[in-house]
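Right, one structure below, let's go through it.
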Amino acid sequence: MASLLLLPIKLILVLLLSSHVFSSSSSINSTEAEALLKWKATLPNTSQTFLSSLWVGRNHCNWIGVTCDGTGSITNLSLAGYGLRLRGTLDNLNFVSFPNLIRLQLRNNSLYGHIPWHIGNLSKLIFLDLSFNSFSGNIPSEICSSKSLELISLESNEISGPIPPDIGSSSSVSNIYFGGNNLSGPIPSSIGRLQNLFWFDLNKNQLNGSIPKQVGMLRSLYYLDFSENSLTGSIPPSIGNLSNLVHLNFSGNYLSGSIPGEIGLLKLLSALEFHENNLSGVIPISIGNLTNLERLFLGENSLSGHIPQTYCNFTHFQLSNNHLTGPLPENLCLGGVLIYLAVINNNLTGPISSSLRDCKSLHRVRLEGNHFTGDITDAFGIYPNLDHVALSHNNFFGELSPKWGQCPNLTSLRISNNNIFGKIPIEFGHATQLVELDLSSNHIIGEIPKELGALKMMSRLLLSGNQLSGKIPPEIGLLSNLEQLKLASNNLSGPIPDQLGNCLKLFHLNLSMNTLGESIPSSISDVFALQTLDLSQNSLIGSIPQEFGKLQSLEILNLSHNRLNGSIPKAFNDLHGLSIVNLSFNQLEGPIPDLKAFHEASFDALRNNKGLCGNATGLRPCVLSARDNHGHGRRTKVILLAMIPLFCGLLLLFILAASFITCCKKTPTRKSEPREEPLGDIFTVLGFNGRTLHDSIIEVTEDFSSEYCIGSGGYGTVYKAALPTGQAVAVKKLHQSEDSLLLNNSKAFESEIVALLEIRHRNIVQMYGFCSHPKHSFLVYELVERGSLRMVLSNNEEAKELDWTKRLNVVKGLANALSYMHHDHSQPIVHRDISSNNVLLDSDYEARVSDFGTARILKPDSSNWTSLAGTYGYMAPELAYTMRVDDKCDVYSFGVVTIEVFMGKHPGDLLSYLSSSTTHVPNDQQILLKDVIDHRLSPPRSRAEKDVVTATKVAFACLNGNPQLRPTMQQVAQALSGQSLPLPSPFSAIKVGELLGHAVCNG
């Protein structure tokens, strides 16, 4: 009976307890949903709208980005990778309302402000990823008190201040990503307590002090990166305790002292990078025993002594810019996988390591700037992948091997400043990918092989300082990509070939100190890109070609020590870019041009001529002869007699006109007739008088008839104008809104135009000038034949013609142009609107950057511009919340255009996917590069395949969400030319690039 009574009581208790639990759970769930909605309400409108499209319905567990447990409580909040970056702060997100939250994923958004301290209240949180945002302030110490956290990623933000001293309290953490911030102060010694730490990344901060010896207690470490900080002191020997370490990077600091021998205990180590420090002493012998070591980077230090013999399977071996002595290790290519070898600028001696002769894996070999000796005739073999060899500035002897011509991917061969003798093998003509051949300052004899004319990719041919004889082969004129030709200090004879005028990209030509004869061919004046022309110390005769006045890019001219006669052409007055001139020791006479380069020339630059005169040191003034003076006087009298009546007549007409206008004004019933607007300021362009040019353009375009329109943009319409000289130019007629803006700020605009007129670069469209008129204003540019990159890619036939080699050249050309604008111009220039529409292609598919309509000269104190400039889809993401435009915006736009070049269309959604992908992409979600590249072309093969992969990785580096972590355009240009970029961090976009790159190689 008692048991029967107990049954209902138990049942009631169970029901009451269940009701309480359900009520409590329902209350928690309601609080969580309310907390999310309250936070959403504090965000900017665009973010609110975006979240409203994800959070649909009453049940928050069904919202996109939200995951709940069985009770309906939120365990996962992941708002990354949905195509739009959230903007706002976390100040109003009440983390106390989420007691069961395990995973918080907000990476790759545009969140800013401080990281709330109350994130530390998430007691069950295991995964915290706030990377690739714009958070600032300090790292809250409360995060460190969490006993559950396993991963903390704050990478690529703007976080400053120290690493919390009690970081060691996070006993369960296995992955810390703090790279790419502004952290300062020392690395806390408490890190030694993080016994489960597997991945520790502090790269690219401002940390200082020494590396704590407690780092040796992190015995679970697999990856350790303290690179690019300001760390000092020595490397602690305790580092040898990290027996599980695979990747170790302390590069880019101020570490000193020697490399501890304990490094040799890291048996699993694959990558050791200590380059760019102040390390000294010898390289420990124990490093040679690290049989798993693949990447050794110890360059840019002060290391001395011999390189130890090694038993490693190196892929990358970089010890450049140290004080190392002795020979190279004999078994450098032990495993047959060596790709990159660089020991530049040391004091190394001895012959080439014999193991390199059959090292088929080699891509780049850089041994220049040492004291290597030995016969190199047969020191190297045939390498299927080799693209760059630099052996310059050593003591090698022997003859050039014909085998270099059998390296199918060789682009650069530099063996200058050695003791090489013999002839240039004709087999070099088979190395069809060769871009640079530098054999200068040796003892090479014989003629220049005409077979070199087959090297269509050749850009730099440097053969100066040898004993070459015979004529310059006319086949050199077939090198349409040639930019530098240096044949000085040889025994060359005969005429200068007319065919050099076909090398239209040539900007440096030096044929000095030979015995060349006959006259200077006028065809050289067709090379409009020419910046330096040195024909001195030859036996040239005749006059200076009148056509040289067309060399608008010419900066340095040396024709000294020849037998030239006649006067300096008057057309030289148009060479406003000329800065250095030397015409000494000729037979020239007459006045010098009215140019600064001549007026400021030294006595030695114009001396020993027949009779030069003018305003320059050592020259007599130009005085007219008595007969000329008498004739001049008579002409003056005649002119005055004719002009006086004309002047009086004009004065009378002016008075009558003024009276007429006054009468008109006084007559109220008569409407005033429209008057012709006066002509405004007009720049002198192309050697024209501004007024003449203006009228010519109006005439040939029939007052800007649509028949001559070749394009239109946000700032103006572009017309093709064929000038009376026969030269065709592109004329951008500015829209009325832009016209009125520049008129209101004409002085600032004119100063910018003057700066842009000074730009001289083969990958930048030459601006010729600007005309201003009350009716219309326009910019005058060089005409580029094929039109925009976008137009070519959108046309199936032209896109097929734009093969992978041409596309790679387009990318390199664009990179070189932006590098010049950002780093090499007298004042750095930001383009602000890089897109495929503003990259033009010439007849050879060479990239030419155009449309500086929004460009601005960067001042040291430049502040934010007030108007958003750029093309949608190419603008850097930070422009959505800040108006600051700097060179990193151009870098981002370059990345987009590069991907577009390879895909054949704008990348669109691919960018959103890639920017939101995590480090470990599931196999079923991986995107293969071979699946997204332009299928109108056959897949790239051999060298082109590798270059596409490299360029893709570089492009992803440019697309980094944090502007400060993007490379500079100078670094990009160097990387595309074959020099390596620093390794990417594990969460960066380049990681996806590596995935894609790997996929294309194996796809």
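Just so you know, these numbers use all the heavy atoms, side chains as well, and skip hydrogens, waters and symmetry mates.
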For this session: Look at the side chain of Glu798 and the backbone N and O of Asn795, then say whether any donor-acceptor pair between them is shorter than 3.5 Å.
Result: no
Exercise. Can you tell me if Asp890 uses its side chain to pair, donor with acceptor, with the backbone of His831 under 3.5 Å?
Worked result: yes
Problem set entry | Nearest-0.5 Å distance that lies between atom CZ in Arg848 and atom OG in Ser788 | 15.0 Å
Exercise. Does the pair Lys806/Asp844 count as a salt bridge with the N-to-O cut at 4.0 Å?
Worked result: no
Problem set entry | Row check, Phe778 ring normal vs Lys733 NZ/CZ: under 6.0 Å, within 45° | no
Seminar exercise, completed: NZ of Lys800 to CG of Asp934, rounded to nearest 0.5 Å, is 10.0 Å
Exercise. Under 3.5 Å, is there a donor-acceptor pair between the Glu900 and Tyr874 side chains?
Worked result: yes
For this session: Report yes or no: do Tyr708 and Glu702 form a side-chain donor-acceptor pair below 3.5 Å?
Result: yes
Problem set entry | Polar side chain donor-acceptor pair, Ser836 to Arg790, under 3.5 angstrom | yes
Seminar exercise, completed: Residues passing the ring pair (Phe, Tyr, Trp, His ring centres under 6.0 Å) test with His508, sequence neighbours excluded, are none
Exercise. Which atoms form the tightest heavy-atom contact between Glu782 and Ala730, and what is the distance?
Worked result: O-CB, 4.0 Å
Exercise. Got a donor-acceptor contact below 3.5 angstrom from the Asn816 side chain to the Lys812 backbone?
Worked result: yes
Seminar exercise, completed: Sequence neighbours excluded, the answer for ring pair (Phe, Tyr, Trp, His ring centres under 6.0 Å) partners of Tyr892 is none
Exercise. Is the backbone of Asp594 close enough, under 3.5 Å, to the side chain of Asn573 for a donor and an acceptor to pair up by distance?
Worked result: yes
Problem set entry | Shortest non-hydrogen contact between Leu808 and Ala944, atoms and distance | CD1-O, 4.0 Å
Exercise. If you count the non-hydrogen atoms of other residues, nucleotides and ligands that lie under 6.0 Å from NZ in Lys456, is the total more than 12?
Worked result: yes
Exercise. Under 6.0 Å from the six-membered ring centre of Phe902 and within 45° of its axis: does the NZ or CZ of Arg807 meet both?
Worked result: no
Problem set entry | Check: Glu707 side chain, Phe704 main-chain N or O, donor-acceptor pair, under 3.5 Å | no
For this session: Looking only at non-hydrogen atoms, find the nearest pair between Ala951 and Thr898 and report the distance.
Result: O-CG2, 4.0 Å
Exercise. Taking atom types as modelled and ignoring hydrogens, do the side chains of Asn809 and Glu846 form a donor-acceptor contact shorter than 3.5 angstrom?
Worked result: no
Problem set entry | salt bridge (charged side-chain N to carboxylate O under 4.0 Å, His left out) evaluation trace for Asp526 with Lys550 | CA-CA 8 Å; Asp526 295 330; Lys550 295 191 296 184; 3.6 Å; yes
For this session: Mind running salt bridge (charged side-chain N to carboxylate O under 4.0 Å, His left out) on Lys888 and Asp886 for me, showing each step along the way?
Result: CA-CA 5 Å; Lys888 296 296 185 175; Asp886 57 16; over 6 Å; no
Exercise. Looking only at atom types and distance, does a side-chain atom of Ser459 sit under 3.5 Å from a main-chain N or O of Val435, one as donor and one as acceptor?
Worked result: no
Exercise. Can any side-chain N or O of Arg966 pair as donor or acceptor with the backbone N or O of Asn960 at less than 3.5 Å?
Worked result: yes
Problem set entry | Distance, nearest 0.5 Å, that separates OG of Ser893 from CG of Leu959 | 9.5 Å
